[in-house]
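Here is the structure we will look at, set down as structure tokens.
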Protein chains: 2
Amino acid sequence: MSGDRRVRRTRRMVQEALVALILEKGYDAVTVTDIIERADVGRSTFYAHFSDKQDVLLSNLDQLAFLRPAPAGGPGEPFAFSLPMFEHVREQRELVRAVLGRCGGAMMVAHGEKLIAAIVRDELLAAGARASASLDLLVVCVVGAYIGLLRSWLDGETTASPAELDAAFRAAVEPGVRAALARAGGTRPLQ
Amino acid sequence: MSGDRRVRRTRRMVQEALVALILEKGYDAVTVTDIIERADVGRSTFYAHFSDKQDVLLSNLDQLAFLRPAPAGGPGEPFAFSLPMFEHVREQRELVRAVLGRCGGAMMVAHGEKLIAAIVRDELLAAGARASASLDLLVVCVVGAYIGLLRSWLDGETTASPAELDAAFRAAVEPGVRAALARAGGTRPLQ
DNA sequence: CCGGTGTCGAACAACCTGTTCGGTTATGAA
DNA sequence: TTCATAACCGAACAGGTTGTTCGACACCGG
């Protein structure tokens with residue numbers, strides 16, 4: 001394992017403390033002082049490892065590697081990322097909720113939106129859509145629906161299973177996407 | 001006109017100052033000190049009128065009455081609120097952008113989401129949908145798409161016109177909604 | 001004109017941030 | 001085991017923000 005044991009311990013303590021505090025009070029309300037008290041870490045030690053609160057959250061981003069570059073497999077399933085992502089989120093529920101939930105930082109949410117938007121856009125292009133302004137608007141709608149579902153779930157507004165969420169997402173979005181592809185794409189029909 | 005002229009003046013100055021500052025620096029970065037300097041208002045005066053930053057924004061909410069209770073007119077147009085709302089937003093662009101844009105406060109966005117969600121839900125029920133968990137998920141998707149479009153537009157990521165945005169929204173969402181209504185509602189077909 | 005009300009601005013305590021620095025402790029290598 | 005080193009502690013600090021108080025002053029409406 002790389003590095004000093006103390007370093008790993010300190011970083012882990014701080015990261016876990018922040019996640020726990022966000023879930024308790026919301027991102028904005030958490031102070032650095034809160035974090036170092038909860039993590040039982042010296043003030044100077046905190047700043048030796050992280051530049052600020054947000055940096056701690058960013059350092060956790062590796063574990064959020066549920067953004068795997070799409071399981072390939074050609075243009076098979078329409079929104080192949082959907083179900084696996086819901087399931088990964090369920091596994092790391094705490095962390096994701098702290099980062100993407102309505103109590104999380106707006107910056108992190110924007111980051112997540114961009115990631116999902118890139119995936120959706122690539123999928124639509126692979127499915128035969130042509131790059132255009134109207135495609136971008138479609139992508140915004142699809143991502144908005146997905147993120148909305150995700151946050152609603154993380155915030156406990158629904159108790160649906162990943163499979164049900166996936167189904168709701170597809171039911172809401174697929175018909176519109178198919179129509180758009182049929183209209184502009186033509187060649188390669190989705191699915 | 002109700003009240004002292006000084007009061008109206010002070011309140012207006014503060015509200016305008018906050019909007020301007022949010023557009024410059026983003027909601028989080030604006031401090032009360034910033035506001036009173038920009039508004040040229042005494043510190044104690046500020047706290048005599050508002051309890052804090054967020055209170056100022058909430059006081060502006062009246063002007064955001066573009067949430068008119070749907071122009072009635074029976075189950076005519078599917079998402080009747082869409083185009084008028086985009087147009088109202090264009091008129092009050094500055095204020096709405098400060099409140100709902102990605103630089104605005106998360107709390108305000110959540111508030112706006114709830115308003116739109118209520119409208120969408122009522123419309124779907126009026127169109128014959130049955131209240132259920134899956135309807136709520138559909139509402140979340142529709143609202144997510146709409147808010148996504150709205151914020152993307154407010155943040156200057158697209159230069160589309162209200163009519164184009166409305167068209168994109170309908171194109172993305174209507175097919176899925178029609179399918180859902182046909183499946184569960186049955187009786188009163190949309191449109 | 002005058003009483004009431006709004007405003008000013010300074011000062012305040014309390015809190016948070018990010019940095020510094022000397023002393024202490026644990027770690028990994030020899 | 002020994003030991004140099006790297007990490008940690010914690011107090012203290014300057015700078016900034018918040019929300020409140022208070023006396024002096026200015027303005028408004030009757």
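To find a chain, count down the sequence lines: A is the first, B the second, and so on, and within it residues start at 1.
Ser44(B) is linked by a side-chain hydrogen bond (donor to acceptor under 3.5 Å, both in side chains) to nothing, counting only residues two or more places apart in sequence or in another chain.
Atom CZ of Phe50(A) is separated from atom P of dA7(D) by 14 Å (rounded to the nearest Å). Rounded to an integer number of Å, the gap from CZ of Arg5(B) to C1' of dA26(D) is 13 Å. Separating the CG atom of Leu21(A) from the P atom of dC16(C) is a distance of 12 Å, rounded to the nearest angstrom. Atom C1' of nucleotide dC16(C) and atom CD of Glu37(A) are separated by 12 Å, given to the nearest angstrom. Between the P atom of dT7(C) and the CZ atom of Arg8(B) lies a distance of 12 Å, rounded to the nearest Å. Taking atom CZ of residue Arg12(A) and atom P of nucleotide dC8(D), one finds them 13 Å apart after rounding to whole Å. Going from atom CG of Asp4(A) over to atom C1' of dA4(D) covers 14 Å, rounded to whole Å. For the pair Asp28(A) CG and dC16(C) C1', the computed distance is 14 Å after rounding to whole Å.
Remark: Arg6(B) is not in phosphate contact with dC28(D), judged by side-chain N or O atoms under 4.0 Å from OP1 or OP2. Contact between the side-chain N/O atoms of His49(A) and the OP1/OP2 oxygens of dC8(D) is found at a separation under 4.0 Å. For Thr45(B), a side-chain nitrogen or oxygen approaches OP1 or OP2 of dC8(C) to under 4.0 Å.
Between the side chain of Gln92(B) and the main chain of Val89(B), no donor-acceptor pair closer than 3.5 Å is present.
Using a cutoff of 4.0 Å between basic side-chain nitrogens and carboxylate oxygens, Asp166(B) and Arg170(B) are scored as salt-bridged.
Taking the six-membered ring where tryptophan is involved, the planes of Phe50(B) and Phe46(B) are tilted, since the angle between them lies from 30° to 60°.
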Can you give each donor-acceptor pair under 3.5 Å made by side-chain atoms of residues 14-39 of chain B, sequence neighbours left out, with the distance rounded to 0.1 Å?
| residue | atom | partner | partner atom | Å |
| --- | --- | --- | --- | --- |
| Gln15(B) | NE2 | Ser59(B) | OG | 2.8 |
| Glu16(B) | OE2 | Arg12(B) | NH1 | 3.4 |
| Glu24(B) | OE1 | Arg38(B) | NH2 | 3.1 |
| Glu24(B) | OE2 | Arg38(B) | NH1 | 3.2 |
| Glu24(B) | OE2 | Arg38(B) | NH2 | 3.2 |
| Lys25(B) | NZ | Asp34(B) | OD2 | 2.7 |
| Thr31(B) | OG1 | Thr33(B) | N | 3.4 |
| Thr31(B) | OG1 | Asp34(B) | N | 3.0 |
| Thr31(B) | OG1 | Asp34(B) | OD2 | 3.2 |
| Asp34(B) | OD2 | Thr31(B) | N | 3.1 |

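Glu91(A) has its side chain within reach of His88(A): a pair of non-hydrogen atoms, C-beta onward, lies under 4.5 Å apart.
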For nucleotides 11-20 of chain D, 5' to 3', base contacts (B), sugar-phosphate-only contacts (S) and non-contacts (-) with protein non-hydrogen atoms under 4.0 Å give -B----SBBB
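Note: Leu165(A) CG to Met85(A) CE = 13.0 Å, rounded to the nearest 0.5 Å.
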